[in-house]
Amino acid sequence: MAVEKARGILLDIDYLMEEKSIIRLFIKTKKKTLVLRDPSFEPYFYLVVSGNAREAAKKIMEEDFYGVKVTRVEVVKKKLSPEKEPREVLKLFFNSTKEVKEMRNRIKELPYYEEKREYDIPFTKRYLIDRDLQPMSEVEVEFEGSELRSIRVCGDGLQELKAGAFDIETLSGLTFSDPSKDPIIMASFTNGKKSVVFCTKKIEKKYAVLVRDEKELIERLIERIRELDIVVTYNGDNFDFPYIKERAKRLGLKVEIGVDGSGITVKRKGMDNAVKIKGRQHIDSFQIVQILNRFGIVNLVKMDLEAVDKQLFGEKKEKIHASEINEIWHSGKGLERLAEYNKLDSEVALRIAKEYLPLFVEIGKLVNQTPFDVTRSGAGILVEAFLIKKAFAQGVLIPNKPSEEKVRMRIMQPIKGGYVREPKPGLHENLAVLDFTSLHPTIIISHNISPDTVNCNHKECEKNVSPEGQHFCIKRKGFLSANIEEIFHKRKELKDSLKKLKKGSREFNLVYARQYSLKIILNSSYGTLAFPRFRWYNRDCARAVTAWSRKYVKWVSERAEEEGFETIYGDTDSAFIKIPKGKTQTDVKEFVEKINSELPGVMNLELEGFFKRGIFVTKKSGKEAAKKRYALIDFNGNLKIVGFEYVRRDWALIAKETQRKVIEAVLSEGNPAKAVQIVRETIKKLKSGKMEKRKLVILTQIKKPIAKYESIGPHIAAAKKAIAKGKPLGEGSIIGYIVTRSGKSISGKAQLEEYVAEGNYDAEYYIKHQVIPAVIRIIAELGYSEEDLIEGGKQSSLNSFM
DNA sequence: TAATTCGCTAGACCGA
DNA sequence: TCGGTCTAGCGAA
């Protein structure tokens, strides 16, 4: 057979489990997706032996491991740890991944066994790292029939892949949809250019397609999914795909949507599923939104498509609840509305993916993983994957995962965190906020912190000592510090080149996503040292990082005071300073420059901004000032509210709104009398019974199984009452409740919002437990008391402000 | 399967 | 009915 050549995008990877485990690559060329096998890559792990490695290599080939055979052994030179000299170790090859799993337990019995390494790296991940292949990159392949002969990355992979999204609507019983009886009644599909809605009932919409029955509906949908390289859903992992799979099974249909004709695989991932389609990338936009939320790129309480659409794109999409879907279906009235809703669900899911997938593709290239995996991984996993890749490239064996026992030990010894300075309470004028850019990573880089540099034996390194006493080598760059440094500089370069590119251009977006992917890895890097389950966990290193962070933050404050500024506050990586009369903003800038000239390595203090006014309040209990809550206003009138009830979801909107107005009156207008007036009016309206229901809802999440609660708070009480009515609530549900007039305790009065009539609320509760607590300590800073807020109360202290 | 610590506040719970 | 203690949730960084 002749050798053929092709170019395409490395779209996916999996492996076959025949008598041998064989890697398959899915390469999307202009014409089709090639499925190529690479039998040249065999499962393996490392065995470190006591005594002579070559002799052990001979012996091990003769060993019988209850039927498992080492097919091949290589003696290779590897570093057991970055600071050590390379040493000969055995690389043991096997026919299948199954044998790797069996063997890694049996091997311990060998007399020359010292240690095993890298026995738990998933086969496909192993392949991508060893071959240094970046999914979604352009590759050039040579192949014979279906066998791969060679592969190399030759470009960024800017070729357009076909992306599309779908969404299904189902009927439901009393509480939820059950695929064993509730049919799929509608399904939408979009490829970004054109959308269709399949339905078994006739709908007066241009995009609607009438199908005979549910079976045809699924068939038509599958047909469309087969066009795609990137299949987007919103919660397809846990709902759409498992649902379709079950319905199809009952209808005698096969969901053969893999490029190779295979079905879908539903993998359990803890509490979650992950649905994989071979040869295509299934991207669940819901997973994307969850990750964005965790990384702090967006901040969402509710994560339904409506809330996401609103926050990400500013759109207002209608929500149709499950019960209404049943109604519409049975009455036949409103099918157009439902179709529109269904269609938009697909379109918004696709839009989310189009907006953020480039970021995940870039992260994937950085850590050699597919977008499928990256969009379903936590930050820690990504950093770990990055370090595994680096270790491989540098000939270092990666550390093993800690045993559960070790993990428990580590958890029992927590690592002290950042320093929070007690603020000076009150209203302050003319502030500057300074903060360290990427504090933890820059400390790691600048002090060369790494598990392989801590407490080295060199005398001259003892001067690089942390406030907690550990010192770090200065003669050799550490594994962790060097690799983080590389990311740090690469990001700097990319950010520089970004300045030269046209905003919104394809090139710009690519570079932007790339630098952002580096930022995510960088910001998560400290976690590798401090997280008990990580391979690179190191308590001494982690303690040193935070100890230095505390030192530097305190030091900046001290230096500021020496320079004649007043320090108001500081948290972990920041210093809030007051510019006194006689000093200017320029003086602050000069101060920052001075500090930077004194800081080591790449550490950098940044001027975050100047603020016209700021308020810090005392704690409810005691006289000390509250940390982690303050409000600032800049010279353009922009408010920054931190930590206060206003930013918390577990407070009623009326309390939050009132607090915001009060803060605004105080900070922007310097008008405490107005603030008092605002509160009085709110209280008046609450008393009148006319407050809108939506402003009284308190959102709280159920964080664990209901049965495990020792103390029944209002949200659990409300949830229990709702469950009794047949509402499916449990761990993870967000409860929106209102404190009504009927009941004894607060919990007794709490009811799920949807069961509460407009006007049924406990005014006293909302006044005394919501509005007043939210504003009292702000107003108290200005000399007012609680009586001043209640209408008819005395206004004596007002004078002190006039 | 999986990031952390620091901090604030509410409301239940419990015994006097 | 009170005041202290504990459980619980969420936000800052």
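Just so it is clear, the values below take in all heavy atoms, side chains as well, and ignore hydrogens, waters and symmetry mates. Letters go in sequence order (proteins before strands), and every chain restarts at 1. Keep in mind it's a predicted model, so treat the numbers as computed, not measured.
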Atom-to-atom span, [atom1] of [X] to [atom2] of [N] - whole angstrom:
X        : N      : atom1 : atom2 : result
A:Tyr737 : B:dG11 : OH    : P     : 7 Å
A:Arg543 : B:dT5  : CZ    : P     : 13 Å
A:Arg550 : B:dT5  : CZ    : P     : 12 Å
A:Glu422 : C:dA12 : CD    : C1'   : 17 Å
A:Lys703 : C:dC10 : NZ    : C1'   : 7 Å
A:Tyr569 : C:dA13 : OH    : P     : 6 Å
A:Asn293 : C:dC10 : CG    : C1'   : 13 Å
A:Ile746 : B:dC13 : CD1   : P     : 12 Å

Pair A:Phe576 + A:Tyr630: ring centers closer than 6.0 Å: yes
Quick check on [N]: is either OP1 or OP2 less than 4.0 Å from any side-chain nitrogen or oxygen of [X]?
X        : N      : value
A:Lys620 : B:dA10 : yes
A:Arg649 : C:dC10 : yes
A:Tyr630 : C:dA12 : no
A:Ser747 : B:dA12 : yes
A:Tyr709 : C:dG9  : yes
A:His769 : B:dG11 : yes
A:Lys416 : B:dT5  : no
A:His715 : C:dA8  : no
A:Arg777 : B:dT9  : yes
A:Lys269 : B:dA2  : no
A:Lys704 : C:dA8  : yes
A:Lys627 : B:dG7  : yes

Name the nucleic acid region contacted by [X], choosing base, sugar-phosphate or nothing; use a 4.0 angstrom heavy-atom cut-off, strictly under.
X        : value
A:Ser524 : nothing
A:Ile381 : sugar-phosphate
A:Gly417 : sugar-phosphate

Short N-O contact, [X] and [Y], less than 4.0 angstrom:
X        : Y        : result
A:Asp762 : A:Arg741 : no
A:Lys551 : A:Glu468 : no
A:Glu384 : A:Arg535 : yes

Could you work out which one of [options] sits closest to the side chain of [X]?
X        : options               : answer
A:Tyr765 : C:dC10, B:dG11, B:dC6 : B:dG11
A:Gln701 : C:dA8, C:dC10, B:dG7  : C:dC10
A:Val647 : B:dA2, B:dT9, C:dG11  : C:dG11

Is it the case that A:Lys276 places NZ or CZ above or below the six-membered ring of A:Phe372, under 6.0 angstrom from the centre and within 45 degrees of the axis? yes
Sticking with atom C1', work out how far B:dA3 lies from C:dA12, rounded to a whole angstrom. 15 Å
Roughly how far, to the nearest 0.5 Å, is OG1 of A:Thr437 from CG of A:Asn604? 3.5 Å
